[in-house]
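Please read the structure below before turning to the comments.
By convention here, the first residue in the shown sequence is residue 1. Order of appearance sets the numbers: ligands from 1, and atoms from 1 within every ligand.
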Amino acid sequence: MTPVIAATAAFIEEKFQAEGSGHDWPHIRRVWQVARALAAEQPGLDQEVTELAALLHDIADWKFHGGDYEAGPRAARAWLLSQQVLEATVGRVEQVIREVSFKGLGVETPVSSPEAAVVQDADRLDAIGAIGVARAFAYGGHKGRSLHEPATPPVSHADFEQYKQSTAPTLNHFYEKLLHLKDRLHTPAARRLAEERHRFMETFVAQFLREWDSADAASGVVPGPATL
Ligand code: ADP
Ligand code: NI
């Protein structure tokens with residue numbers, strides 16, 4: 001690990017302590033580790049740009065900065081320049097960060113480099129599976145969203161502004177983003193890892209809806225005595 005990667009990891013670990021929306025240090029660390037593993041299958045990719053972008057990808061997420069989509073690249077640039085990183089590397093890291101985020105089901109998020117493909121895949125893998133389910137509800141709780149409202153149907157957001165302004169219940173997020181991620185991955189290694197996580201989410205959503213509906217069906221039934 002180069003000194004600037006070690007310094008960046010320490011800086012981000014410190015900054016993302018006790019973060020309650022699912023964008024915590026363990027998320028960043030997983031994205032970093034998974035990006036490294038995916039990078040190993042992508043010959044020719046710039047390891048330093050990949051690792052720095054993975055570590056810095058949520059440094060100033062638009063979701064927490066009034067929708068300002070340049071806040072992240074700007075904060076990453078300020079940090080990297082403070083570490084004497086060369087301009088060429090800084091510019092490439094900024095561009096990866098710009099390309100990572102999901103912007104709505106109807107919005108394409110193409111990547112312009114193998115480094116961006118790997119970091120976007122690693123971030124998306126962390127949004128699916130059991131951890132993805134936990135993070136979605138942590139984020140929803142953080143934003144005061146309800147778990148589920150059957151009367152509010154999911155929406156395919158056609159532009160980023162519309163997606164940013166959504167205040168829909170968290171279960172809708174599965175239809176509006178999470179269940180589509182496996183088909184939007186770039187690297188074969190990420191697609192392999194996504195399969196089991198995707199199946200788990202489908203099982204989770206089906207079971208959630210069964211329990212939701214069975215509570216309605218069972219209303220009026222007096223529960224039996226509690227047992228240990
Ligand atoms: P992205 O940059 O693609 O938005 P992040 O790494 O910032 O990805 O993480 C987004 C996380 O926040 C995901 O786990 C996602 O499920 C959760 N999240 C984002 N928007 C919502 C939402 N509207 N409802 C529930 N969870 C959300
Ligand atoms: Ni992230």
Contact partition for D58 relative to ligand 1, non-hydrogen atoms under 4.0 Å: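 Only the side chain of D58 comes within reach of ligand 1.
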Please determine whether side chain to side chain donor-acceptor pair (under 3.5 Å) holds for the pair S146 and E149, giving the CA-CA distance in whole Å, both sets of side-chain angles, and the decisive distance to 0.1 Å. CA-CA 7 Å; S146 56; E149 286 167 24; 2.7 Å; yes
If you count heavy atoms of other groups shown closer than 6.0 angstrom to CD of Q165, is the number above 12?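 For Q165, atom CD is crowded (more than 12 foreign heavy atoms under 6.0 Å).
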Mark yes when over 12 heavy atoms from residues, nucleotides or ligands other than E87 sit less than 6.0 Å from its CD; otherwise mark no.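 Yes.
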I'd like to check which ligand 1 atoms, numbered from 1 as shown, lie under 4.0 Å from a non-hydrogen atom of L178.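 Near L178, meaning under 4.0 Å from one of its heavy atoms, ligand 1 has 16 (O).
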Report yes or no: does D123 have an N/O/S atom closer than 2.8 Å to the Ni ion (ligand 2)?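 Here the distance criterion (N, O or S atom, under 2.8 Å) is met by D123, so yes.
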Return yes when at least one N/O/S atom of H23 is nearer than 2.8 Å to the Ni ion (ligand 2), and no when none is.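 Short answer: no, not a single N, O or S atom is under the cut-off.
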Checking a contact table here: which protein heavy atom is nearest [atom], and how many Å away?
{"atom": "atom 4 (O) of ligand 1", "value": "K63 NZ, 2.9 Å"}
{"atom": "atom 23 (N) of ligand 1", "value": "R145 NH1, 3.1 Å"}
{"atom": "atom 1 (P) of ligand 1", "value": "S101 OG, 3.3 Å"}
{"atom": "atom 25 (C) of ligand 1", "value": "A136 O, 3.4 Å"}
{"atom": "atom 5 (P) of ligand 1", "value": "H23 NE2, 3.4 Å"}

Using non-hydrogen atoms of the residue, decide whether R124 is closer than 4.0 angstrom to ligand 1.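 Not so, R124 does not reach ligand 1.
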Could you tell me which non-hydrogen atom of Q120 sits nearest to which non-hydrogen atom of V100, and how far apart they are?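 Taking every non-hydrogen atom into account, CG-O, 3.3 Å.
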Can you hop from L38 to V31 via hydrophobic side chains spaced under 4.5 Å?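 Hydrophobic grouping puts L38 apart from V31.
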Nearest to the Ni ion (ligand 2), which N, O or S atom of D58 do we find?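 Answer by atom name: OD2.
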Cation-pi between R36 and W32: NZ/CZ under 6.0 Å from ring centre and within 45° of the ring axis?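 The answer is yes, since R36 meets both limits relative to W32.
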May I ask which of K143, H173, R135 has a heavy atom nearer to atom 16 (O) of ligand 1 than the others do?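 Among K143, H173, R135, the closest heavy atom to atom 16 (O) of ligand 1 belongs to H173.
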Nearest to atom 26 (N) of ligand 1 by heavy atom, Y139, F102, F137: which?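 Nearest option to atom 26 (N) of ligand 1, by heavy atoms: Y139.
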Between D123 and ligand 1, does any nitrogen or oxygen pair lie at a separation below 3.5 Å?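 It does: an N or O of D123 is found under 3.5 Å from an N or O of ligand 1.
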With respect to H27, determine whether any N or O atom, backbone or side chain, lies less than 3.5 Å from an N or O atom of ligand 1.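 So ligand 1 has an N or O lying under 3.5 Å from an N or O of H27.
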Under a 4.0 Å N-O cut-off, is there an ion pair linking [X] with [Y]?
{"X": "E13", "Y": "R29", "value": "no"}
{"X": "R192", "Y": "E41", "value": "yes"}
{"X": "E115", "Y": "R92", "value": "yes"}
{"X": "D121", "Y": "R191", "value": "no"}

